[in-house]
S.K.: 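Handing you a structure now.
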Amino acid sequence: MPSQSTRGLYLEPRSVVFVGVPRRSGPGSLNPVDNLKKWAYQGNIRLVHPHVSEIAGIPVVPQVSDLNGPADLAVISTPRETVPGIIAECGKLGIRAAVVTVQGFAEADSRGADIQRLMVEESRRWGVRILGPNTLGVSNAFSRFNTSFMPMNREEVPVGVVCQSGVFFVGVKQLIGGMGMGVDVGNACDVGITETLEWLGSEEKLKVIALHAEELKQGKEFIRVAEQVSRRIPIVALKTGRSSEGAKAAASHSGSMAGEDRVVDAALRKAGMIRVDETQEMADLIQAFRKLPPMKGPRVAVITLTGAGGILLLDAMERYGLQRAQFSDGTLDAIQALSPEWMPLSNPMDIWPAVMKNSMKTGYGAALKGVLQDPNVDGVFCLTLGLESDEQKSLGAEDLIGELAEKYQKPVVVWCYGSRYDDAAARLKENYAKALPVPSLERGIKVLAAMARYEGWRQRCN
């Protein structure tokens, strides 16, 4: 049998052995075997448990040494005192990768720290790599494999996750909108963030990586890997433990110190990563990098149905380092011809009088097509209405925006307002791949600004 890389043993194992899964299966049992069956995993599943002979229809052996040959990966969920010995048994059998899901190690007390050290010693003695402890492990929707004992939905989305908490697995839909591949490093006693970031950074299926870290080890090597990955795809980084209290909590959660935040911040920026302060900002950017074309510069065109909205956007653009695009000759001609003589147009482009004189489709179409074709425009911010169904038929522009955004390689961000703004935003989200609805004006501008900074960094590097 050909050997597999460490990455392959974790993310695409052909066989897995679970040591210490629950005796029951079915709803409420938190049995990872149920999750694999739900995902239709095609590899070989074997089980080790000292007290039962069958779980979920799969035969069980009492100890690792009773297995008929090695597996690619062992998932260990036994009491902490037993784990070093089980790691040794795995090594003797030829198992070269393990996920230790249980808690109670360096993050807990001095006894746990001692057990973790012994576990690492055994892993090095027998050549077994360890992910964890205190982790949900790995998830790869593309290969239908995960080690989580918590139920998870399978979505083949182009988003990778490297994290230090299972909440980014179980709550991934709410936090960032979905995950195709993920690694929870937990305490990171052996396999850590640097190595797993390198694994996901080589995946052609992924368009963006979400990174959650409480602490960052291997400083120079981490920066080298992160910069290499960032040249290909963006990394949106949420480094927690910024406050003194947050740093203390991070130490007790992952068993490591969080590090000096100013140094971390400079290092992340140097490596081209996009650092965020909040989960909502991370979710916005993950969806933007997943859906939108690159933002090749800082020049933004604004198409609005309200003059006040345009002014709010100008203030936000200045605050976050974006520029008001200066339109090329001819860009305004089509929409100016539709506007009243008393309404001169510029940027922001208030097209409400043109819409009232003609129609939403005619006015918005002329304006948006013009700025998307303008070489002086790098990105577009659209404000549009979401109204009751009858009014929406004549005054809704979301379909038009979505259709035109598909034809041009420029990011289009859309803020919908009105009595049914959420319906208009949902229609955009569900039906169009290259127009991104945002929940506020400022969050939309932050998205475009972050995309422009990232693309500027990548252009300078290349």
Side-chain angles (χ1 to χ4, degrees), residues 7 11 138-142 153-165 167-169 171-185 193-213 222-223 225-240 268-269 271-296 378-379 405 409-413 429 432-439 443-444 446-459 461-462:
R7 174 212 158 277
L11 288 171
V138 298
S139 176
N140 185 350
F142 303 101
N153 293 324
R154 191 180 77 89
E155 289 188 280
E156 293 187 9
V157 296
V159 178
V161 174
V162 176
C163 62
Q164 281 191 275
S165 171
V167 70
F168 281 88
F169 273 34
V172 69
K173 194 70 175 178
Q174 299 96 314
L175 288 169
I176 61 172
M179 171 179 69
M181 283 187 179
V183 184
D184 171 15
V185 301
I193 287 175
T194 299
E195 190 169 358
T196 54
L197 182 61
E198 191 168 30
W199 293 352
L200 297 192
S202 66
E203 293 290 341
E204 294 297 326
K205 297 183 180 73
L206 303 181
K207 291 184 178 180
V208 59
I209 294 174
L211 171 68
H212 159 256
F222 170 76
I223 294 302
V225 168
E227 183 172 347
Q228 185 180 54
V229 173
S230 293
R231 288 171 184 263
R232 190 183 76 81
I233 58 174
I235 304 168
V236 180
L238 180 63
K239 169 63 177 69
T240 58
L268 297 182
R269 293 180 186 276
M273 287 179 281
I274 304 100
R275 187 176 188 182
V276 296
D277 298 322
E278 301 171 338
T279 55
Q280 68 177 19
E281 189 179 3
M282 173 175 265
D284 291 345
L285 286 175
I286 291 296
Q287 295 310 306
F289 282 116
R290 173 183 167 183
K291 294 183 66 172
L292 300 182
M295 177 84 171
K296 296 183 178 178
D378 299 308
Q409 288 301 306
K410 293 181 181 179
V412 176
V413 170
K429 182 178 180 181
Y432 300 102
K434 292 185 178 179
L436 180 72
V438 292
R443 282 169 66 176
K446 289 179 76 172
V447 163
L448 292 177
M451 293 183 71
R453 286 196 305 273
Y454 169 70
E455 192 62 27
W457 175 87
R458 193 160 70 164
Q459 289 173 3
C461 288
N462 298 331

S.K.: Could you point out which residue of Val185, Thr279, Thr240 forms a side-chain contact (heavy atoms from CB on, under 4.5 Å) with His212?
M.R.: Thr240
S.K.: Identify the heavy atoms of Cys163 and Ser165 that sit nearest to each other, and give their distance.
M.R.: SG-O, 3.3 Å
S.K.: Can you tell me how far the NZ atom of Lys173 sits from the CE atom of Met179, to the nearest 0.5 Å?
M.R.: 11.5 Å
S.K.: If you compare all heavy atoms of Gly177 against all heavy atoms of Glu155, which two are closest, and at what distance to 0.1 Å?
M.R.: O-OE1, 4.3 Å
S.K.: Just so I know, are the side chains of Leu436 and Gln287 near enough to count as touching, which here means a heavy-atom distance under 4.5 Å?
M.R.: yes
S.K.: I'd like to check Phe168 versus Asp184 (side-chain heavy atoms, cut-off strictly below 4.5 Å). Are they in contact?
M.R.: no
S.K.: Might you work through the side-chain contact (heavy atoms from CB on, under 4.5 Å) test for Gln459 and Lys296, ending with a clear yes or no?
M.R.: CA-CA 9 Å; Gln459 289 173 3; Lys296 296 183 178 178; 4.2 Å; yes
S.K.: Just by distance, do the side chain of Asp284 and the backbone of Val447 share a donor-acceptor pair under 3.5 Å?
M.R.: no
S.K.: Could you check if a side-chain atom of Arg231 sits within less than 4.5 angstrom of a side-chain atom of Trp457, using non-hydrogen atoms only?
M.R.: yes
S.K.: Working to the nearest 0.5 Å, report the span between CD1 of Ile223 and CZ of Arg269.
M.R.: 12.5 Å
S.K.: Say you draw a straight line from NZ of Lys434 to NZ of Lys291; how long is it, rounded to the nearest 0.5 Å?
M.R.: 11.5 Å
S.K.: Please evaluate residues Leu200 and Leu11 with respect to the criterion side-chain contact (heavy atoms from CB on, under 4.5 Å), reporting the C-alpha separation (whole Å), side-chain torsions for both, the decisive distance (0.1 Å), and the verdict.
M.R.: CA-CA 10 Å; Leu200 297 192; Leu11 288 171; 4.1 Å; yes
S.K.: Could you check whether any side-chain heavy atom of Leu285 comes within less than 4.5 Å of a side-chain heavy atom of Val208, counting everything from C-beta outward?
M.R.: no
S.K.: In Å and rounded to the nearest 0.5 Å, what is the CD1 to CZ distance from Ile233 to Arg290?
M.R.: 13.5 Å
S.K.: Might you point out which heavy atoms bring Ala213 and Ile193 nearest each other, and give the distance in Å?
M.R.: CB-CD1, 3.6 Å
S.K.: Any side-chain heavy-atom pair from Leu197 and Phe222 closer than 4.5 angstrom?
M.R.: yes
S.K.: In terms of ring plane angle, is the pair Phe289 and Tyr454 parallel, tilted or perpendicular, where the classes change at 30° and 60°?
M.R.: perpendicular
S.K.: Output the distance between atom CZ (Arg232) and atom CG (Leu206), rounded to the nearest 0.5 Å.
M.R.: 7.0 Å
S.K.: At their closest point, which heavy atom of Gly178 faces which heavy atom of Val157, and how far apart are they?
M.R.: C-CG2, 3.7 Å
S.K.: Considering non-hydrogen atoms only, spot the tightest contact between Met295 and Pro411 and give its length.
M.R.: SD-CG, 3.5 Å
S.K.: For residues Val413 and Leu292, determine if any side-chain heavy atom of one lies less than 4.5 Å from a side-chain heavy atom of the other.
M.R.: yes
S.K.: Hey, does Lys205 have a side-chain heavy atom less than 4.5 Å from the side chain of Glu156?
M.R.: no
S.K.: Would you check if Met273 and Leu211 make a side-chain contact, meaning some heavy-atom pair closer than 4.5 Å?
M.R.: yes
S.K.: Got a donor-acceptor contact below 3.5 angstrom from the Thr196 side chain to the Val162 backbone?
M.R.: no
S.K.: Under a 4.0 Å threshold between the charged nitrogen and the carboxylate oxygen, would Glu278 count as salt-bridged to Arg443?
M.R.: no
S.K.: What are the two closest non-hydrogen atoms of Ala226 and Ile235, and how far apart are they?
M.R.: O-CD1, 3.7 Å
S.K.: Quick check for you: to the nearest 0.5 Å, what is the distance between Leu238 atom CG and Gln164 atom CD?
M.R.: 11.5 Å
